[in-house]
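Keep in mind the model is a prediction, meaning the values are calculated, not measured. Residue numbers begin at 1 in each chain, while the letters A, B, ... track the order of the sequences.
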Protein chains: 2
Amino acid sequence: MDNTDIKILKLLQKNAQMTYKEIAEEINLTQTPVFDRIKRMEKSGVIDKYVTILNRKKVGNSLTVFNQVTMIKQTLEISQKFDEAVAKLPEVVECHFVSGGFDYLLKIIVPDMETYHKFHQLKLSVIPGVSLINSYFVMSEVKNTTEIPL
Amino acid sequence: MDNTDIKILKLLQKNAQMTYKEIAEEINLTQTPVFDRIKRMEKSGVIDKYVTILNRKKVGNSLTVFNQVTMIKQTLEISQKFDEAVAKLPEVVECHFVSGGFDYLLKIIVPDMETYHKFHQLKLSVIPGVSLINSYFVMSEVKNTTEIPL
DNA sequence: TTTGAAAGATCAACTTT
DNA sequence: AAAGTTGATCTTTCAAA
């Protein structure tokens, strides 16, 4: 990965629909080397995937909640079961196992407070091993990007 | 937005590079209505953008840290300055103003602990109004998706 | 829904460094 | 050799019939 690759990735992170020609013009190259470099980075896994970002509010999913989850104990079995359960829940868009005062930090996206209440009661707190859930409601989204610093 | 739109969005959230033809086949339609629906949703803002997702580890950004930030007081001026400062920092990929025991929850992506230390000392703690920063280090990423539940 | 021109993606052969 | 350019071909986009 050289400087030209970095330039290409910076452009692609912002807009996955740039044509090879547009990228080539931006970095003073022609289509073919741009094409070859992108295909190489797709194969090596540096480029993971191309996705569409929706406007949360316009699709009626305007409530974001963070959950700090503490488990009764930290055995491998309990962790694995929790990981599996969480992966299946579409409301959970992020789940991180963290160091510190609790075990997991989850980011939840739901349409409204009523839906969140049901999610909390019926889907999250019932997962085996869950001991304590602290909820933090997002009042304002200051920044949210998929761009990794390069 | 009807059920057909939802089907299209579900596919596009997973893969932004599906052709109109492929989408049409998947949902038993022809290219033209699929094309028209996508263009309509792009115009209305339901579809925000198309982006490329990189593999964090393969681009050498393997450390994720969450920060709970508490401000000295919650005035509009202090908030606005903080929001502006954070927006400029590429290491900050998410920043949420939340209700509860602290003011902001930030998600930070950096190459390593040394870089994080410098970020904490030189970029985050120096923002005017910042009183307390609690750091939580991600040991394992259980789930991380850009897909909004539909 | 069908069709077709314009634009883009892909790749082979050639050129440069 | 490694990386870039040119140009030819196939596929997709997109608007009009």
Side-chain angles (χ1 to χ4, degrees), chain A residues 1-61 144-150, chain B residues 1-62 90 93 111 144-150:
Chain A
M1 280 223 331
D2 60 7
N3 198 39
T4 304
D5 284 343
I6 301 286
K7 281 182 191 169
I8 292 171
L9 292 177
K10 277 185 181 175
L11 292 171
L12 282 179
Q13 280 202 109
K14 285 193 193 298
N15 179 10
Q17 293 211 321
M18 280 185 87
T19 65
Y20 297 119
K21 199 180 166 185
E22 284 170 340
I23 296 169
E25 281 166 9
E26 199 77 35
I27 61 175
N28 297 314
L29 266 177
T30 51
Q31 296 171 45
T32 309
V34 171
F35 175 80
D36 290 343
R37 282 166 180 272
I38 290 173
K39 290 300 153 191
R40 173 173 47 72
M41 291 191 283
E42 286 175 358
K43 280 215 177 74
S44 72
V46 169
I47 292 174
D48 183 20
K49 56 188 172 179
Y50 303 95
V51 303
T52 302
I53 305 295
L54 307 183
N55 184 317
R56 259 218 296 292
K57 286 171 188 166
K58 297 206 174 168
V59 294
N61 262 299
N144 192 4
T145 179
T146 54
E147 284 176 52
I148 291 168
L150 293 175
Chain B
M1 281 224 330
D2 60 8
N3 197 40
T4 305
D5 284 344
I6 301 286
K7 281 183 191 167
I8 292 171
L9 292 177
K10 278 186 180 173
L11 292 171
L12 283 179
Q13 280 202 110
K14 285 194 193 298
N15 179 10
Q17 293 210 321
M18 282 185 86
T19 64
Y20 298 122
K21 198 178 165 186
E22 286 169 338
I23 296 170
E25 280 165 11
E26 198 78 33
I27 62 175
N28 296 314
L29 266 177
T30 51
Q31 294 172 43
T32 310
V34 171
F35 174 81
D36 290 343
R37 282 167 181 272
I38 291 173
K39 290 299 154 191
R40 172 173 49 71
M41 292 191 284
E42 285 174 359
K43 281 216 176 73
S44 71
V46 169
I47 292 175
D48 184 21
K49 57 188 172 181
Y50 302 95
V51 303
T52 302
I53 305 296
L54 306 183
N55 184 317
R56 258 217 295 293
K57 286 170 189 167
K58 296 207 174 168
V59 294
N61 261 299
S62 45
V93 295
N144 191 4
T145 179
T146 53
E147 284 175 52
I148 291 168
L150 292 175

Protein-nucleotide distance ([X], atom [atom1]; [N], atom [atom2]), rounded to Å:
X: I38(A); N: dG8(C); atom1: CD1; atom2: P; value: 14 Å
X: K39(B); N: dA15(D); atom1: NZ; atom2: P; value: 8 Å
X: Q17(B); N: dT11(D); atom1: CD; atom2: C1'; value: 14 Å
X: M18(A); N: dA9(C); atom1: CE; atom2: C1'; value: 15 Å
X: Y50(B); N: dT13(D); atom1: OH; atom2: P; value: 11 Å
X: E25(A); N: dT5(D); atom1: CD; atom2: C1'; value: 15 Å
X: I23(A); N: dT10(C); atom1: CD1; atom2: C1'; value: 15 Å
X: E22(B); N: dT13(D); atom1: CD; atom2: C1'; value: 13 Å

Can a side chain N or O of [X] be found less than 4.0 Å away from OP1 or OP2 on [N]?
X: T30(A); N: dG4(D); result: no
X: Y20(A); N: dT10(C); result: yes
X: K21(A); N: dA7(C); result: no

Under 4.0 Å, counting only non-hydrogen atoms across every strand here, what does R37(A) touch: a base, just sugar-phosphate, or nothing?
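The residue R37(A) makes sugar-phosphate contact but no base contact.
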On a plain distance test, is the side chain of T32(A) in donor-acceptor contact with the base of dC11(C) below 3.5 Å?
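Between dC11(C) and T32(A), which were checked side chain against base, a qualifying N/O pair under 3.5 Å is present.
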Is it true that R40(B) and D5(B) make a salt bridge, defined as a side-chain N closer than 4.0 Å to a carboxylate O?
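A salt bridge is present here (some side-chain N lies under 4.0 Å from a carboxylate O).
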Residue P33(A), side-chain heavy atoms: nucleotide from dA15(D), dC11(C), dG4(D) that is nearest:
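The nucleotide sitting nearest to the side chain is dG4(D).
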For the side chain of Q31(B), counting heavy atoms from C-beta on, which of dT5(D), dC14(D), dG8(C) is nearest?
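Given the options dT5(D), dC14(D), dG8(C), the side chain of Q31(B) is closest to dC14(D).
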So do [Y] and [X] actually touch side chain to side chain, heavy atoms under 4.5 Å?
X: V51(A); Y: N15(B); answer: no
X: T146(B); Y: Q13(B); answer: no
X: I23(B); Y: Q31(B); answer: no

For D48(B) and L54(A), run side-chain contact (heavy atoms from CB on, under 4.5 Å): C-alpha distance rounded to whole Å, both residues' side-chain angles, the deciding distance at 0.1 Å, then the answer.
CA-CA 5 Å; D48(B) 184 21; L54(A) 307 183; 6.0 Å; no
